[in-house]
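Data first, discussion second: the structure below is written as structure tokens.
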Amino acid sequence: MVKKVMKEKDALEKARYLYEDISKTSHLSIKKIYNKLRGDYPKVSWRRLICSNSGYPKWIFRLQLTALERPYTRDRLSKWGVITKLIYPLCDNDDESIEHLFFKCHLSAALWDKMLTWMKINRGPMGWNQELAWIVTNANAKDTKAGIYRLTMTGCVYYLWHERNLRIFQKKSRSVEVLSRLITQGVHCRGHWDRKLAGQLRRMNFFP
């Protein structure tokens, strides 16, 4: 075991472990070595939105990219000189940005408003940064209502981005009603595997 550890001398030195330290210890924790190599990073306030989420992996991946402001929206692409047209294809009114896409565009606002009503949340859609702040304050708990909210938000983000790409690359479109049904079907399907979420979902309408 010691020989294998010493073969990784360079990696251990990067983690600030010296040969003398290794030779004097009887136990090395892989977790401690990994954490030292990774470095210290502050935890984001919306981490429960990702870590405590029953959504499909592709939903969660898209949500995390969005929370980190990584999607290739047109305002980002224009800064790199890739495109010049900034108009958002879902509304053809305003420039495309994460804040506009989620949920200030009239189509995305209408979809999210429909989903909020379905979850019996009495408020209107907000911009993306405000939505994240609302989640941290109001949907960060471990109860079933918070879990369904996180799951529904994740599906909404995924399908809005999918709809955006569908309109750009395939010149096809779907209505708010169709998108809301796709989201709720996915929520019911994923929630079915969680006993607590399943019980709460049975008390809700199957479609918004």
Side-chain angles (χ1 to χ4, degrees), residues 46 49-50 53-76 86-132 134-135 138-139 144-194 197-198 200-208:
W46 42 263
L49 181 60
I50 304 298
N53 198 317
S54 301
Y56 293 99
K58 61 182 180 181
W59 285 17
I60 298 171
F61 177 70
R62 173 51 53 191
L63 178 66
Q64 185 168 6
L65 287 180
T66 305
L68 293 170
E69 298 187 358
R70 293 292 188 269
Y72 292 148
T73 49
R74 294 190 174 197
D75 61 335
R76 290 190 69 200
L86 301 182
I87 296 298
Y88 184 43
L90 267 70
C91 65
D92 289 325
N93 287 326
D94 296 301
D95 292 350
E96 180 182 281
S97 65
I98 289 177
E99 191 73 9
H100 182 70
L101 205 159
F102 310 106
F103 295 94
K104 290 189 174 180
C105 163
H106 68 82
L107 185 142
S108 59
L111 177 61
W112 186 228
D113 185 61
K114 198 174 185 67
M115 302 314 299
L116 288 171
T117 302
W118 177 64
M119 292 184 285
K120 293 182 171 56
I121 296 176
N122 189 25
R123 69 168 177 85
M126 301 180 287
W128 179 245
N129 290 324
Q130 289 177 295
E131 289 288 351
L132 279 183
W134 193 92
I135 289 169
N138 299 280
T144 54
K145 288 186 178 180
I148 290 172
Y149 182 92
R150 291 191 292 268
L151 181 52
T152 305
M153 160 68 83
T154 310
C156 196
V157 168
Y158 174 82
Y159 276 107
L160 279 172
W161 184 256
H162 190 272
E163 179 67 16
R164 177 253 191 202
N165 290 341
L166 193 71
R167 295 193 181 199
I168 292 174
F169 300 113
Q170 297 186 35
K171 308 303 179 185
K172 297 178 181 179
S173 63
R174 294 169 293 191
S175 66
V176 168
E177 287 70 26
V178 171
L179 291 172
S180 66
R181 284 176 176 253
L182 288 171
I183 294 167
T184 48
Q185 283 175 348
V187 168
H188 278 281
C189 183
R190 293 298 289 183
H192 171 76
W193 298 102
D194 186 302
L197 292 185
Q200 178 67 21
L201 286 166
R202 279 194 293 269
R203 293 188 287 272
M204 300 170 67
N205 294 331
F206 191 77
F207 291 122

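One is the number of the first residue; the rest follow in order along the sequence. As a basis for the values below, the full set of heavy atoms in this structure was taken, side chains included, without hydrogen atoms, waters or symmetry mates.
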(Q) Restricting to non-hydrogen atoms, name the atom on N53 and the atom on R150 that form the minimum distance, rounded to 0.1 Å. (A) ND2-O, 3.7 Å
**Q.** Closest contact, heavy atoms only, R123 versus D113
**A.** O-OD1, 4.2 Å
Q: Starting at OG of S175, measure out to CD of E163 and round the result to the nearest 0.5 Å.
A: 8.5 Å
Q | Any donor-acceptor N/O pair, Q200 side chain to K145 backbone, under 3.5 Å | A | no
Q. Quick one: CG on L182 to OG1 on T184, what's the gap to the nearest 0.5 Å?
A. 8.0 Å
(Q) The criterion is ring-ring contact (aromatic ring centres under 6.0 Å, His included); which residues satisfy it with W128, sequence neighbours excluded? (A) F102
Q: Show your reasoning for whether ring-ring contact (aromatic ring centres under 6.0 Å, His included) applies to Y149 and W112.
A: CA-CA 11 Å; Y149 182 92; W112 186 228; 5.7 Å; yes
(Q) Looking at F206, I want to see if its CZ is surrounded by more than 12 non-hydrogen atoms of other residues, nucleotides or ligands under 6.0 Å. (A) yes
(Q) So, using salt bridge (Lys or Arg N to Asp or Glu O under 4.0 Å) as the criterion, who are the partners of R181 when residues are at least two apart? (A) none
Q. Does CG belonging to N93 count more than 12 external heavy atoms closer than 6.0 Å?
A. yes
Q. Which pair of heavy atoms, one from L151 and one from G191, lies closest together, and at what distance?
A. CD2-N, 4.1 Å
Q: Might you point out which heavy atoms bring S180 and L111 nearest each other, and give the distance in Å?
A: N-CD1, 3.7 Å
Q) Between the side chain of R164 and the main-chain N/O of P89, is any donor-acceptor distance below 3.5 Å? A) no
Q) Applying the side chain to side chain donor-acceptor pair (under 3.5 Å) test to H162, which of R167, R174, K58 qualifies? A) R174
Q.
Strictly below 4.0 Å, N to O, side chains only: are K104 and E131 in salt-bridge contact?
A. no
Q: Not counting sequence neighbours, list each pair that qualifies as a salt bridge (charged side-chain N to carboxylate O under 4.0 Å, His left out) and has a residue in residues 63-75.
A: none
Q: Can you see which heavy atom on L201 is nearest to which on H188, and at what distance?
A: O-CE1, 3.5 Å
Q: Name all residues meeting the ring-ring contact (aromatic ring centres under 6.0 Å, His included) criterion together with Y56; count only those two or more places apart in sequence or in a different chain, and write none if there are none.
A: W59
(Q) Return the OG1 to CG distance between T144 and D194, rounded to the nearest 0.5 Å. (A) 9.0 Å
Q) Donor-acceptor pair, N205 side chain versus P208 backbone, under 3.5 Å? A) no
Q. side-chain contact (heavy atoms from CB on, under 4.5 Å) with N138: which residues, sequence neighbours excluded?
A. W134
**Q.** Pairing residues for S108 by the side-chain contact (heavy atoms from CB on, under 4.5 Å) criterion, not counting sequence neighbours
**A.** F103, C105, L160
Q) What is the minimum heavy-atom distance between V176 and K114, and which atoms define it? A) CG1-CD, 4.0 Å
